Amino acid sequence: MGPEVTELEEELGRFVGVEHVVGCSSGTDALLLPLMAHGIGPGDAVFTTPFTFIATAEVVALLGATPVFVDIDAHTFNMDPNALAQALDRVLERGALRPRGVIPVDLFGIPADYDPICAIAGEHRLFVLEDAAQSFGAAYKGRRTGSLGDVAATSFFPAKPLGAYGDGGAVFTNDERLAETMRSLRVHGHTSDRYNHARVGLNARLDTLQAAILLAKLSLFEDELSARKRVATRYTERLRDTTVTPSVPDDVDAAWGQYSILSERRDEIRSALTRAGIPFAIYYPVPLHLQSVFVHLGHNVGDFPVCERIASNIISLPMHPYLEDAQIDSVCDTVNRAVCT
Ligand SMILES: *Cc1c(COP(=O)(O)O)cnc(C)c1O
């Protein structure tokens, strides 16, 4: 918690356009802190998508609350606002859980559709916690991710758009009281009296060394965002006739955390990339509702059909700001040959 941490928090706040930033040890803790500050616990329902990294739903379960999954939009792979309204109605009808919050995820760097999601959440007095772990630097209707819900979490894990040299994260909000509670929770629930603790907290400090690295990288970040966009544009030009390339809504500026395509011939693409020595990843092969850790929620195959279909056809290609045209073309040639033969 050296001076670089405060300096970074101020710069991140200016970049995103929010008043309070709480730097912390990871994206996972950045999701956990606002849930703890909101007093989330047993009997509470928190709505999120089954097509995300485990951490998004894990933090809900860790606090004893229940993640309620909502299917995704077939084009953006983000939470479908209509499905959210339906899931909320079902929870209210059954009456066993108290709806408290929504965690939309800006998957692969494309922001979720916050206007309808926040409208639904507002009607039911639910908080919206934006999982911006993959979307730092993106924008929705001219506003940066990190400012789109009531509170937002991002990650500085090296593979994210703004990566440190190890773990790190940050929480963003305009709610001063929430920020103060999260600052306390970040260091064991401390108060201004250092040895009197007000609440059960965490050791979720952001390391000063990572903060110093992030300050340096932040000064290059706008250029890196443009470079990622250039890579994505070149991929799309060369792959759109042979695969389903990402659809970015008109009012959105993507951060290109990942570049992911859909193909019925994913197995062929995988083998071809492996043979060519080109790295790739499958985000995510098993939707959260079908993972062992959540069997007690009682879900079956077919519960979230859009998510399940996308999970079986998706593959992510190499994506970083320093990919050269020849490298991009070689990836595309390999994919195109695999799809067309
Ligand atoms: C990476 C990631 C997280 C967790 O971030 P860590 O820094 O690895 O703890 C949470 N949500 C999503 C969507 C992520 O991609």
Side-chain angles (χ1 to χ4, degrees), residues 8 12 21-36 46-63 67 69-70 72-73 76-79 101-112 114 117 128-138 140 145-146 148-149 151-172 182 185-186 202-207 209-211 213-214 217 228 246 254-260 281-289 291 293-294 307 310-311 314 316 319-320:
L8 177 69
L12 291 172
V21 179
V22 181
C24 63
S25 45
S26 68
T28 304
D29 283 341
L31 288 164
L32 191 55
L33 286 167
L35 295 179
M36 289 174 76
V46 178
F47 298 81
T48 191
T49 138
F51 198 55
T52 176
F53 181 54
I54 184 70
T56 316
E58 180 187 35
V59 287
V60 174
L62 191 63
L63 294 174
F69 295 118
V70 172
I72 55 172
D73 176 86
T76 63
F77 316 145
N78 287 327
M79 179 182 282
V102 186
I103 313 181
V105 178
D106 305 332
L107 201 74
F108 303 149
I110 296 176
Y114 284 90
I117 289 172
V128 174
L129 164 56
E130 177 188 0
D131 184 343
Q134 299 182 11
S135 69
F136 191 74
Y140 172 83
T145 54
L148 304 174
V151 56
T154 201
S155 165
F156 302 124
F157 184 74
K160 313 290 175 164
L162 179 61
Y165 290 177
D167 284 301
V171 196
F172 303 82
M182 293 191 298
L185 288 166
R186 170 173 64 178
L202 304 168
N203 167 7
R205 288 184 297 257
L206 174 61
D207 195 89
L209 197 59
Q210 300 303 340
I213 286 157
L214 287 165
K217 290 193 71 180
R228 282 176 185 268
W256 298 109
Q258 297 292 339
Y259 187 92
S260 310
I282 309 285
Y283 301 122
Y284 294 93
V286 185
L288 298 190
H289 66 284
Q291 296 209 8
V293 64
F294 290 132
C307 164
I310 304 294
I314 198 143
S316 300
M319 168 51 83
H320 65 73

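Computed from a predicted structure; not experimentally measured. Atoms within a ligand are numbered from 1 in the order they appear, just like the ligands themselves. All residue numbers refer to positions in the sequence shown, counting from 1.
- The shortest contact between atom 6 (P) of ligand 1 and any protein heavy atom is with Gly27 N, 3.5 Å.
- Test Ile103, Thr28, Leu107, Val46 against Thr56 for side chain to side chain contact (heavy atoms under 4.5 Å, CB included) and you get one pass: Ile103.
- Close approach of ligand 1 to Thr52 (heavy-atom distance below 4.0 Å) involves ligand atoms 13 (C).
- What you find for Cys307 and Pro50 is that their closest heavy atoms are SG-CG, 3.8 Å.
- Which parts of ligand 1 touch Thr28 is read off a 4.0 Å heavy-atom cut-off, strictly below it: atoms 4 (C), 5 (O), 6 (P), 9 (O).
- Of the N or O atoms in Asp131, one or more lie within a sub-3.5 Å distance of an N or O in ligand 1.
- Checked against side chain to side chain donor-acceptor pair (under 3.5 Å), Asp106 has the following partners two or more places apart in sequence or in another chain: Tyr114, Ser135.
- Results of the side chain to side chain contact (heavy atoms under 4.5 Å, CB included) test with Phe51 over Val105, Asn78, Leu288, Ile314 single out Ile314 as the only residue that passes.
- Of all protein heavy atoms, the one lying nearest to atom 14 (C) of ligand 1 is Lys160 NZ, 3.0 Å.
- Of all atoms in ligand 1, listed by their number and element, those nearer than 4.0 Å to a heavy atom of Ser26 are 7 (O), 9 (O).
- Polar contact check, Phe157 against ligand 1: no nitrogen or oxygen pair lies under 3.5 Å apart.
- The shortest distance between side-chain heavy atoms of Phe69 and Thr48 falls below 4.5 Å.
- Of all atoms in ligand 1, listed by their number and element, those nearer than 4.0 Å to a heavy atom of Ala55 are 4 (C), 10 (C).
- Summarising the geometry of Arg186 relative to Leu33, their closest heavy-atom pair is N-CD2, 3.8 Å, with the distance given to 0.1 Å.
- Applying the salt bridge (Lys or Arg N to Asp or Glu O under 4.0 Å) criterion to Arg228, with sequence neighbours excluded, gives no partner residue.
- Taking distance alone, with nitrogen or oxygen atoms compared against 3.5 Å, Ser155 approaches ligand 1 more closely than that limit.
- Listed by number with element, the atoms of ligand 1 under 4.0 angstrom from any heavy atom of Val105 are 13 (C).
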